[in-house]
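Worksheet for the structure shown next.
Because only heavy atoms are used, hydrogens play no part in the values below, and waters and symmetry mates are left out as well, while side chains stay in.
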Amino acid sequence: LFRSALQKICEDSGEQLDRVELNRPLNTLIPKFLTFFKHPQSKIRSHAIACVNQFILMKTQALMVHIGPFIENLFSISSDDDKDVRKNICQSLVMLLEARLDVLTPHIHSIVEYMLLRTRDNEEVVALEACEFWLTLAEMPACKEILSNHLQTLIPVLVKGMRYSASSISALKGDADEDANVPDRAEDIKPRFPKARTHGQQHVESGAAAGGGGDDD
């Protein structure tokens with residue numbers, strides 16, 4: 001409960017924790033969070049990463065001065081057995097890609113390989129978070145340079161991820177079967193007609209009106 005409360009405080013009051021008036025509690029909290037990355041309990045590892053993640057996009061000074069150890073600690077637990085830990089690591093890398101590409105650049109090709117692995121993760125929540133990495137990278141000017149040597153591997157992985165799993169197909173069929181037994185509503189089968197007139201129609205009508213005016217004269 002305490003760990004969840006602390007994560008909630010980081011989510012809701014991140015800016016307050018970096019205020020000079022409060023002696024910047026983050027200066028103490030960030031290093032402490034980093035030590036918990038290697039805690040024996042996976043829940044604590046997961047919460048610690050999630051807490052630090054709240055300050056990446058904010059680029060808080062307390063985190064920026066520890067950005068090196070932060071990345072090193074992420075790498076050290078990158079193959080963690082816990083799915084929530086792996087998901088939060090992916091989230092860290094996605095946000096670092098957006099906020100501090102410069103610190104990832106020396107390791108970028110290893111990170112790409114790692115995110116390829118996580119995109120194929122057996123846990124869906126991890127794979128979905130990993131996919132955010134490609135979406136973020138695709139919008140960046142450096143995308144072509146970073147991915148040029150990885151496209152032959154990346155594209156098949158993404159295409160495979162677009163396919164429905166057997167369970168998803170079964171669920172979709174189930175929904176279709178249930179819907180087939182539900183009578184159509186009147187609004188479902190009522191014909192709809194567009195109300196907006198085309199430019200051509202307006203032109204014809206305007207011409208007709210003008211012609212009619214001429215006849216009246």
(message) What verdict does the side-chain contact (heavy atoms from CB on, under 4.5 Å) test give for Phe33 and Phe70, after you've listed the backbone C-alpha separation in whole Å, the side-chain angles of each residue and the deciding distance to 0.1 Å?
(response) CA-CA 10 Å; Phe33 290 148; Phe70 173 45; over 6 Å; no
(message) Asp82 vs Arg45, test: salt bridge (Lys or Arg N to Asp or Glu O under 4.0 Å). Steps then yes/no.
(response) CA-CA 9 Å; Asp82 186 84; Arg45 297 197 299 274; 5.9 Å; no
(request) Check step by step if side-chain contact (heavy atoms from CB on, under 4.5 Å) holds for Met140 and Glu98. (result) CA-CA 9 Å; Met140 303 180 70; Glu98 182 177 348; 6.0 Å; no
(request) Just do the side-chain contact (heavy atoms from CB on, under 4.5 Å) check on Trp134 and Val112 with the steps written out, would you? (result) CA-CA 9 Å; Trp134 312 117; Val112 168; 3.9 Å; yes
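Within the 3.5 Å criterion, the main-chain N or O of Thr35 finds no donor-acceptor partner in the side chain of His39. Listed for the Ser46 side chain is no donor-acceptor partner under 3.5 Å among the backbone atoms of Lys43. The backbone N or O of Glu132 sits less than 3.5 Å from a side-chain atom of Thr136, completing a donor-acceptor pair. No donor-acceptor pair closer than 3.5 Å links the side chain of Glu113 to the backbone N or O of His109.
Checked against Lys87 for a side-chain contact (heavy atoms from CB on, under 4.5 Å), the options Glu124, Glu129, Glu123 give a single hit: Glu129.
The two atoms that bring Ile77 and Lys38 nearest to each other are CG2-CG, 4.4 Å, heavy atoms only.
One hydrophobic cluster, built from ILVMFWY side chains closer than 4.5 Å, holds both Val157 and Val94. Taking hydrophobic clusters as Ile, Leu, Val, Met, Phe, Trp and Tyr residues chained together by side-chain heavy-atom distances below 4.5 Å, Leu104 shares a cluster with Ile89. Hydrophobic clustering places Ile111 together with Leu151 (ILVMFWY residues linked when any side-chain heavy atoms are closer than 4.5 Å, directly or through intermediates).
Other members of the cluster containing Val126 are Val125, with ILVMFWY side chains joined at under 4.5 Å, either directly or via other members.
Judged as a side chain to side chain donor-acceptor pair (under 3.5 Å), not a single pair has a partner in residues 138-149 (not counting sequence neighbours).
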